Protein chains: 2
Amino acid sequence: MIDGPTKTLPRLDESLLTHMPPFSRLSRERIRQILDLASSRRYPEGQAVFEEGAEAGRFFMLLDGYIRVIRITETGEQIIALHIPPGQLFGIAKAIGRSSYPATAVTASESIVLSWPMELWDSFLSYDGFATETYKTVGTRMGEMNNRIVEMATQQVEQRVANALLRLVNQTGRKVEEGIEVDFPITRQDLSEMTATTLHTVSRLLSAWEKAGMVKSTRKHIIVCDPHALVVLGHHSSKH
Amino acid sequence: MIDGPTKTLPRLDESLLTHMPPFSRLSRERIRQILDLASSRRYPEGQAVFEEGAEAGRFFMLLDGYIRVIRITETGEQIIALHIPPGQLFGIAKAIGRSSYPATAVTASESIVLSWPMELWDSFLSYDGFATETYKTVGTRMGEMNNRIVEMATQQVEQRVANALLRLVNQTGRKVEEGIEVDFPITRQDLSEMTATTLHTVSRLLSAWEKAGMVKSTRKHIIVCDPHALVVLGHHSSKH
DNA sequence: TGCGAACTTTGTTCTAGCGCAAGGTCCATC
DNA sequence: GATGGACCTTGCGCTAGAACAAAGTTCGCA
């Protein structure tokens with residue numbers, strides 16, 4: 001979905017942004033200004049916010065929901081590069097010197113997104129704390145990518161899937177009765193695209209873990225009951 | 001090696017920096033200033049310029065040689081994250097909002113390196129074109145990491161090694177009689193650490209390619225005779 | 001010139017986990 | 001309440017490539 005942003009939501013309250021790191025040092029007035037420049041929009045689950053290669057006309061902030069950053073190979077395989085939780089900027093191509101989006105962003109669940117025209121980027125950068133926080137975010141994402149590379153290079157499938165699951169519950173987990181649940185719909189296929197394996201293998205692993213009482217899962221939902229047991233898997237032994 | 005930088009080289013000429021992208025828009029006088037603030041140093045092959053986790057006290061520019069950015073796992077395995085060619089900044093932790101280096105930098109061949117105290121970073125950022133070029137570099141490196149993830153997730157070992165080799169000759173290749181040679185010493189082990197495989201497998205692949213006339217290799221040296229043949233390998237078919 | 005360390009090669013064995021196949025379950029929609 | 005599509009499970013065979021093993025080669029250095 002690349003069509004123009006539209007205001008489908010009621011007038012936005014300043015409190016939406018006051019606690020988001022990139023804006024937290026700004027005055028109420030400044031935030032009002034920023035909000036008045038923003039378009040807000042609701043995306044249903046599974047919709048693209050922008051596509052890889054498209055001209056980077058706007059930058060975004062996720063207010064609610066989850067965004068999945070994906071890449072698609074020439075042969076049509078998808079790989080999930082990153083999950084973005086609420087409160088983060090994304091599609092900030094200009095921050096890394098690009099004029100087109102380097103990947104596709106899709107909603108992992110219904111999401112509320114603010115966006116601004118990329119022309120405003122430079123003025124945003126001048127706001128107190130904005131640049132610092134933004135580059136911190138870039139750094140964090142680089143770190144995550146790096147860890148992923150190391151993980152794929154050195155760990156077995158079981159450990160990778162365990163780690164991916166742990167990361168999900170840590171970053172986006174919601175406490176429920178039996179443990180912590182990933183709080184957006186997630187399929188075996190999704191998990192396999194995050195860990196470079198097949199949905200079959202993921203399914204088998206989840207079955208085994210469920211038998212061992214470490215997780216509980218139903219269609220599109222996964223609850224981690226015993227995080228520590230998964231951590232231990234991750235620390236077991238190396239590939240070589 | 002983390003010991004203090006020392007001026008071991010003769011006085012630096014302005015022309016060293018005038019054609020390096022981050023500085024190319026600056027006046028001769030400004031460049032003189034910048035050089036006078038710099039420490040220069042020669043590192044023999046295989047030496048660490050800085051180590052992962054250390055406080056990021058300086059940032060660097062590679063004048064000559066090659067730098068390898070590596071990470072080491074808890075179990076002692078090395079993985080090579082990136083190769084940096086001459087003319088690029090590295091160790092620019094501040095650019096991504098970090099106060100310690102996120103990886104270790106080691107020379108892949110004898111190298112000449114300039115460095116400045118990180119306290120000067122903000123003033124450098126104000127120089128015309130410096131910030132833009134720097135963030136472009138960050139963006140490029142993110143892109144490379146991303147491609148690497150996709151590659152590891154979707155390609156077979158042979159294709160990955162072929163691609164890694166192609167990237168090396170494209171970025172750092174030196175034309176020789178029989179083809180293009182990687183212009184720093186590189187072992188089978190190095191190549192395996194770049195592609196998440198073993199030195200044994202790399203050795204077998206190189207042997208096979210040599211038999212097919214696509215490459216020529218000796219101890220620590222690899223010449224690609226028929227780049228196109230390697231490209232074709234990379235395009236063959238996907239894993240799934 | 002001879003020793004040892006650092007590289008490289010090649011053979012053989014073994015297994016993680018992929019590919020393939022078939023069937024089951026849940027859910028939306030008519 | 002039946003049809004179809006999306007998602008999940010499980011079994012089995014097979015192969016890429018890791019692990020193990022053992023020699024061979026090159027090079028710096030005493």
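What you see is a predicted model; the values in this text were computed from it and never measured. Chain letters run A, B, ... following the sequence lines, proteins first, then strands; residues in each count from 1.
With rounding to the nearest 0.5 Å, the separation of CE in B:Met194 from CD1 in B:Ile70 is 13.0 Å.
What separates CE of A:Met152 from P of C:dG17 is a distance of 13 Å, to the nearest Å. Atom CH2 in B:Trp209 sits roughly 15 Å away from atom P in C:dT8 (whole-Å rounding). Rounded to whole angstrom, the span from the CD atom of A:Glu158 across to the C1' atom of C:dT15 amounts to 15 Å. We find that NE2 of B:His221 is positioned 19 Å from P of D:dT25, with the value rounded to whole Å. Put simply, CD on B:Glu45 is 9 Å from P on C:dC7, counting in whole angstrom units. Atom CD of B:Gln189 and atom C1' of C:dT9 are 15 Å apart (whole Å). Atom CG of B:Leu206 and atom P of C:dT10 are 11 Å apart (whole Å). One can place CG of B:Leu199 at 15 Å from C1' of D:dT25, the figure rounded to the nearest angstrom.
Side-chain proximity of B:Gln156 to the nucleotides C:dT8, C:dC18, D:dA16 is greatest for D:dA16. Among the nucleotides C:dG17, D:dG17, C:dA21, the one closest to any side-chain atom of A:His200 is C:dA21. Set against D:dT25, C:dG17, C:dC27, the side chain of A:Thr201 has C:dG17 as its closest nucleotide.
Side-chain contact check for A:Thr201 and A:Thr198: at least one donor-acceptor pair (N or O, by modelled atom type) lies under 3.5 Å. For B:Arg58 and B:Ser39, the side-chain atoms include at least one donor-acceptor pair closer than 3.5 Å. With no hydrogens or angles considered, a side-chain donor-acceptor pair links B:His221 and B:Glu181 at under 3.5 Å.
Within the 4.0 Å cut-off from OP1 or OP2 of C:dT10, at least one side-chain nitrogen or oxygen of B:Ser207 is found. Within the structure, every side-chain polar atom (N or O) of A:Thr187 is placed at least 4.0 Å from both OP1 and OP2 of D:dC7. Dashed line: the shortest gap from a side-chain N or O of B:Thr197 to OP1 or OP2 of D:dG17 is not under 4.0 Å.
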### Worked check of ring-ring contact (aromatic ring centres under 6.0 Å, His included) between B:Phe50 and B:Phe60
CA-CA 10 Å; B:Phe50 54 79; B:Phe60 304 82; 5.4 Å; yes
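A residue-by-residue look at A:Arg219 and A:Arg204 shows that A:Arg219 has its nearest nucleotide of DNA chain D further toward the 5' end.
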